[in-house]
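Throughout, a chain's letter reflects where its sequence line sits, starting with A, and its residues are numbered from 1. Values in this document were obtained by computation on a predicted structure and should not be read as measured data.
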There are 2 protein chains.
Amino acid sequence: MDPDSTASDSTASDSTASDTTAPDPAGPDTAAGPERLRSDARHNRARILEAAREAFAARGLDVPMAAVARRAGVGVATLYRRFPTRESLVTEVFADRLADCVGVVDEALADPDPWRGFRTVIEKVCAMQVADRGFTAAFLTEFPGAVDFERERMRAERGFAALTRRAQEAGYLRADFARTDLTLVMKANDGVVAESSEAAAAASRRLVAYFLQAFRSDHTTSAPDLPPPAPIGLYRFDLLTEGR
Amino acid sequence: MDPDSTASDSTASDSTASDTTAPDPAGPDTAAGPERLRSDARHNRARILEAAREAFAARGLDVPMAAVARRAGVGVATLYRRFPTRESLVTEVFADRLADCVGVVDEALADPDPWRGFRTVIEKVCAMQVADRGFTAAFLTEFPGAVDFERERMRAERGFAALTRRAQEAGYLRADFARTDLTLVMKANDGVVAESSEAAAAASRRLVAYFLQAFRSDHTTSAPDLPPPAPIGLYRFDLLTEGR
DNA sequence: CCGAAAACGGAAGGACCCGTCCACTTCTGG
DNA sequence: CCAGAAGTGGACGGGTCCTTCCGTTTTCGG
């Protein structure tokens, strides 16, 4: 049925073992650094990232590589040399956005009001989804190769978990709210926002309001049972482009 | 050019209008019916519909035409002759599913309990989304060409509106629930279900429970304001395949 | 200033998918 | 039974996108 079998990319392991070419004198454990780039190359790299950011935000992660290249004013080869895989480009582009998330969470934790902190995170994350069509997929996808990306996301998740716990202990958030419910919210909001438009923003706000209404637990009396949390899996990266 | 063209391809074998098994010798031009199909052609048509139903359910509306043809055991030409456009195939395949929807709504209206009726529709529709990956897109897409498809959907929507009103008047459903909120729910659920999996079904149930919690209005005391309903547009058919 | 290494752009080779065309096959009615 | 119309399948031209390859241009240390 499916003869194609995209297996291929087993080569993806760039950093495997002995990388002969780079003597790596200073020993920057951060690795994969864009160091020692020729000036024009560095310039182009920045242009590519900028173009990709715009393109992903406007049209989602499935933008043709050639479109990114054109937008950046470079040839496709340049793009591929700098970012051998779409994944590498995506993780690089969304690193900042992810940092923003962590910032949002930290800020919320600093808020003395547990519920307002919780609510703010939900609202802001959903707003980011509206503002950036690629954000959801990037955030909800597992990138086994991008170590620091994964670490950063985990940090955001952990912070949100703390936020959740605090709101629950204060009695504002229903006790059966699960950590995976954030994923639930994000996927739901993604569905609403998918067709970007002005109306989408309004719809998203309404959705969020409904969610918050459901999450809130001060009307404790009547909250009925909820189906089990059922951990929602993250996307696998290859799924993002496979269904086409 | 071509004012109505393919308008009625109904051929719905049984129910359509006054099913005149007779070749309708009087005025055949009005009918444009696909009757008079050779036996093998009719057989193939059925196989195609069956294959398309399966394919759409399993992988969404973006299945390659060739895949449907292969699955049906026919050549692409046969598929294209019977269904000149993907749209015609989709509307034909989902005509039944749409009828099911109307049935669900009617059944719910027959339920003496207004809230249970309302709730049941939400639950069943979302369950249909889980069971059929193509359902959401088909239901939420505007098919200007498929008159009876549109009519049927409108009937379902009208029924749901009645259901909504009834539940609101009985005081079970919050007064600011808008008709377009059904679309909101469907899109949100679609987002959750998009990555079909076992977990998706559970996630969908949880989502629905949250929604119902938010919609319910017997804890009237504390329902905060909601952002405006903001009519969520349907998909345009060309959008379904354009973003690729 | 100069030459080698690095970087560049575009072309080219695959892989899909769409929708049409045409030579061949299969019904059907007399 | 048989001729011809209805029906069929697969090949084909036209697109889009991915990824690599290669001749040319640019940078930069000496």
- Task: Encode nucleotides 24-30 of chain C as B, S and - characters from 5' to 3', where the letter depends on protein heavy atoms closer than 4.0 Å: B to the base, S only to sugar-phosphate, - to neither.
- Result: --BBS--

- Query: So do Leu89(B) and Phe56(B) actually touch side chain to side chain, heavy atoms under 4.5 Å?
  - Reply: yes

- Return the value, rounded to whole Å, for the distance between atom CZ of Arg81(A) and atom C1' of dA5(C). 13 Å

- Counting N and O atoms only, with roles assigned by atom type, does the side chain of Thr78(A) sit under 3.5 Å from a partner on the main chain of Val74(A), one being a donor and the other an acceptor? no

- Task: Check whether any side-chain N or O of Arg153(B) sits under 3.5 Å from a backbone N or O of Phe139(B) as a donor-acceptor pair, and report yes or no.
- Result: yes

- Query: Does a nitrogen or oxygen in the side chain of Asn44(A) sit under 4.0 Å from OP1 or OP2 of dA7(C)?
  - Reply: no

Mind listing the N/O atom pairs, protein and nucleotides 10-13 of chain C, below 3.5 Å?
none

- Item | Glu87(A) CD to dT19(D) C1', straight-line distance once rounded to whole Å | 17 Å

- May I have the distance from Ile48(A) (atom CD1) to dA7(C) (atom P), rounded to whole angstrom? 12 Å

- Message: Regarding Arg82(A), tell me which of base, sugar-phosphate or nothing describes its non-hydrogen contacts under 4.0 Å with the strands shown.
- Response: sugar-phosphate

- Query: Which whole-number value in Å describes the distance from Phe83(B) CZ to dC18(C) P?
  - Reply: 16 Å

- Of the non-hydrogen atoms in Ala41(A) and Leu37(A), which two are nearest, and what is the gap between them? CB-CD2, 4.2 Å

- Query: Any chance the rings of Phe211(A) and Phe211(B) have centres within less than 6.0 Å?
  - Reply: yes

- Task: Check for a donor-acceptor pair, side chain of Thr180(A) on one end and backbone N or O of Thr183(A) on the other, with a separation under 3.5 Å.
- Result: no

- Item | Nucleotide dG9(D), atom P - distance to CZ of Arg47(B) in whole Å | 9 Å

- Task: Locate the shortest heavy-atom distance separating Val192(B) from Ser204(B); write the atom from each residue and the value.
- Result: CG1-N, 4.0 Å

- Message: Between Arg206(B) and Asp181(A), is the salt bridge (charged side-chain N to carboxylate O under 4.0 Å, His left out) condition met? List the steps.
- Response: CA-CA 9 Å; Arg206(B) 192 170 171 92; Asp181(A) 282 342; 2.8 Å; yes

Can you check nucleotides 12-15 of chain D for protein contacts, nitrogen or oxygen pairs under 3.5 Å, and list what you find?
none

- Query: Does any non-hydrogen side-chain atom of Leu61(B) lie less than 4.5 Å from one of Phe94(B)?
  - Reply: yes

- Item | Nearest-Å distance for atom pair CZ/P, residues Arg70(A) and dT16(D) | 11 Å

- Task: Please report the closest heavy-atom contact between Ala138(B) and Val90(B), naming both atoms and the distance.
- Result: CB-CG1, 4.2 Å

- Leu61(B) atom CG is separated from dC17(C) atom P, nearest whole Å, by 16 Å

- Message: Just N and O in the side chain of Arg86(B): are any of them under 4.0 Å from OP1 or OP2 of dC18(C)?
- Response: yes

- Item | Interatomic distance, Tyr80(B) OH vs dG10(D) P [rounded to whole Å] | 16 Å

- Message: Is it the case that the side chain of Glu150(B) and the backbone of Phe143(B) share a donor-acceptor pair, with hydrogens and angles ignored and the cut-off at 3.5 Å?
- Response: yes

